[in-house]
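Before any comments, here is the structure.
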Protein chains: 2
Amino acid sequence: MPNDNIDVEKCDFLCVHKDTVREVLDSMPDDEKLYDLAELFKVFGDSTRIKILYALFEKELCVCDISNLLGISQTAVSHQLKILKTNNLVKSRRNGKIVFYSLDDDHVYSIIGCGMEHINEL
Amino acid sequence: MPNDNIDVEKCDFLCVHKDTVREVLDSMPDDEKLYDLAELFKVFGDSTRIKILYALFEKELCVCDISNLLGISQTAVSHQLKILKTNNLVKSRRNGKIVFYSLDDDHVYSIIGCGMEHINEL
DNA sequence: TTATCATATGAATAGATGTTCATATGAAAG
DNA sequence: CTTTCATATGAACATCTATTCATATGATAA
């Protein structure tokens with residue numbers, strides 16, 4: 001009895017197998033999408049970036065404001081803003097020497113909100 | 001004119017300051033909560049864990065199933081399941097030699113869903 | 001008890017990541 | 001054009017993290 005698709009060697013008597021496996025596999029997005037999803041959450045997985053995003057909830061802020069507000073070096077803020085921008089979570093607008101940043105995606109609110117709900121239920 | 005709370009050194013003419021800063025600070029959760037939130041997202045920020053969670057969307061699975069299903073070593077799966085369990089995202093149930101894992105929190109769906117929405121809009 | 005299997009765990013290793021330091025860029029003012 | 005300021009960027013470094021390997025645990029069956 002050949003195994004197509006998945007090779008199960010030992011645990012093929014008690015555990016669910018081929019049909020279940022196929023069912024689950026069919027319902028999953030492809031690897032690339034799952035990878036991108038993980039990459040997105042990775043961006044939220046840093047307290048500096050979370051703080052920056054939260055700060056921008058209220059209104060647009062310049063780099064210097066964020067730096068002072070959060071007590072984080074300007075360089076660090078700049079590096080993290082770049083990551084946030086690359087991931088389309090914030091956008092920037094230049095006004096002379098000053099660059100103002102603001103949120104670029106409504107999902108930021110909902111993603112952080114969902115995370116908070118989980119946190120608050122512990 | 002003294003600055004209480006925040007010390008602004010240079011960028012205190014064009015950028016918004018004390019009142020805005022206070023306003024934003026007041027609206028932010030405390031550091032510990034923001035740290036916990038980042039820690040939670042860090043858990044979602046790994047494709048192996050994302051895959052495991054997705055696999056469990058359908059039904060409970062044993063370690064061996066997950067391992068075969070995703071093509072990841074049993075050891076790696078076990079390590080990641082521990083992290084997921086520590087963060088109350090999955091729960092386990094033992095049946096003889098076999099340990100079945102399933103989702104432990106409805107927020108898993110909503111968090112991943114929110115993330116997916118962002119991904120799909122690029 | 002002994003053998004086998006499913007799972008868990010600790011140590012080691014390689015790769016990723018965040019901050020700092022030094023410096024560059026870009027814009028306004030003198 | 002030179003200076004000053006706000007921001008950006010690259011390199012270096014320290015820390016964290018995910019996987020692998022070896023092995024332990026816990027359970028069933030012979």
Side-chain angles (χ1 to χ4, degrees), chain A residues 8-17 34-35 38-53 56 60-87 90-102, chain B residues 8-17 34-35 38-53 56 60-87 90-102:
Chain A
V8 180
E9 287 170 8
K10 303 283 179 56
C11 174
D12 54 354
F13 38 92
L14 249 179
C15 307
V16 285
H17 34 284
L34 294 173
Y35 180 82
E39 288 304 301
L40 175 66
F41 285 124
K42 210 171 280 181
V43 178
F44 286 87
D46 175 82
S47 56
T48 297
R49 288 191 291 266
I50 285 280
K51 286 177 189 173
I52 292 176
L53 290 174
L56 296 176
E60 68 173 11
L61 295 169
C62 70
V63 179
C64 161
D65 279 335
I66 298 172
S67 172
N68 284 305
L69 179 67
L70 303 178
I72 301 168
S73 76
Q74 177 268 317
T75 310
V77 170
S78 216
H79 277 299
Q80 299 310 330
L81 280 171
K82 181 168 196 180
I83 293 174
L84 290 170
K85 194 173 180 181
T86 301
N87 285 272
V90 304
K91 58 176 183 269
S92 64
R93 149 179 101 77
R94 180 154 220 140
N95 190 341
K97 283 184 285 193
I98 309 231
V99 178
F100 288 96
Y101 282 85
S102 57
Chain B
V8 181
E9 288 170 9
K10 302 282 180 56
C11 173
D12 55 352
F13 38 90
L14 251 180
C15 308
V16 286
H17 32 282
L34 294 173
Y35 181 80
E39 288 303 302
L40 175 66
F41 285 124
K42 211 169 280 181
V43 178
F44 286 87
D46 176 82
S47 56
T48 296
R49 287 192 290 269
I50 285 280
K51 286 176 190 174
I52 292 176
L53 291 173
L56 296 176
E60 68 174 10
L61 295 169
C62 70
V63 179
C64 161
D65 279 335
I66 298 172
S67 172
N68 283 306
L69 180 64
L70 303 178
I72 301 169
S73 75
Q74 176 269 315
T75 310
V77 170
S78 217
H79 277 299
Q80 299 310 330
L81 281 169
K82 182 167 194 181
I83 294 175
L84 292 170
K85 193 174 181 182
T86 301
N87 285 273
V90 305
K91 59 176 183 268
S92 64
R93 149 181 100 77
R94 178 154 221 139
N95 190 341
K97 282 184 285 192
I98 310 233
V99 179
F100 288 96
Y101 282 85
S102 56

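In what follows, chains are A, B, ... by sequence order, proteins preceding strands, each numbered from 1. All values derive from a computational prediction rather than experimental measurement.
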Distance, rounded to the nearest Å, where B/Ile98 contributes CD1 and C/dT7 contributes P: 5 Å
A/Leu84, A/Ile83, A/Val90 screened by side chain to side chain contact (heavy atoms under 4.5 Å, CB included) with A/Asn87, the one that passes: A/Ile83
Sequence-distant partners of B/Val99, side chain to side chain contact (heavy atoms under 4.5 Å, CB included), two or more places apart: B/Ser92, B/Arg94, B/Tyr101
Gap between atom CD of B/Gln80 and atom CG of B/Leu53 - 0.5 Å precision: 10.5 Å
Sequence-aligned protein contact record of nucleotides 25-30 of chain D, with B where the base is within under 4.0 Å of a protein heavy atom and S where only the sugar-phosphate is: -BBS--
Reported CG-to-OG distance for the pair B/Leu81 and B/Ser67, which is rounded to 0.5 angstrom: 10.0 Å
Residues that A/Ser78 engages under side chain to side chain contact (heavy atoms under 4.5 Å, CB included), provided they are two or more places apart: A/Gln74
Residues that A/Lys91 engages under side chain to side chain contact (heavy atoms under 4.5 Å, CB included), provided they are two or more places apart: A/Ser102, A/Asp104
Distance, nearest 0.5 Å, that separates CD1 of B/Ile98 from SG of B/Cys64: 7.0 Å
Rounded interatomic separation in angstrom, taking CG from A/Leu81 and C1' from D/dT7: 10 Å
A/Leu70 CG - C/dG18 P separation (whole Å): 16 Å
Side-chain donor-acceptor distances from residues 38-46 of chain B under 3.5 Å, at least two apart:
{"from": "B/Glu39", "atom 1": "OE2", "to": "B/Lys42", "atom 2": "NZ", "distance (Å)": "3.1"}
{"from": "B/Asp46", "atom 1": "OD2", "to": "B/Thr48", "atom 2": "N", "distance (Å)": "3.1"}
{"from": "B/Asp46", "atom 1": "OD2", "to": "B/Arg49", "atom 2": "N", "distance (Å)": "3.1"}

Between D/dC21 (P) and B/Ile72 (CD1): distance, integer Å: 15 Å
Pairwise distance CG(B/Leu56) to CG(B/Leu69) - rounded to 0.5 angstrom: 9.0 Å
DNA chain D contacts among residues 45-53 of chain B, heavy-atom distance under 4.0 Å: B/Asp46, B/Thr48, B/Arg49
Distance, rounded to the nearest Å, where B/Leu61 contributes CG and C/dA6 contributes P: 15 Å
Between OG on residue A/Ser73 and NE2 on residue A/His79, distance to nearest 0.5 Å: 8.0 Å
Gap between atoms CG and C1', on A/Asn68 and D/dA6 respectively (whole Å): 12 Å
Side-chain N,O (B/Tyr101) to OP1/OP2 (C/dA6) below 4.0 Å: no
Using the 3.5 Å cut-off, write out each protein N or O paired with an N or O of nucleotides 9-16 of chain C and the distance between them.
{"from": "C/dT9", "atom 1": "OP2", "to": "B/Lys82", "atom 2": "NZ", "distance (Å)": "3.4"}
{"from": "C/dG10", "atom 1": "O6", "to": "B/His79", "atom 2": "NE2", "distance (Å)": "3.0"}

Separation of D/dA6 C1' from A/Glu60 CD (nearest whole Å): 15 Å
Length of the CD-C1' vector between B/Glu39 and C/dT17, whole Å: 14 Å
5'-most by nearest nucleotide on DNA chain C - B/Val99 or A/Ser73: B/Val99
Point-to-point distance, once rounded to the nearest 0.5 Å, from CG of A/Leu70 to CD1 of A/Ile52: 6.5 Å
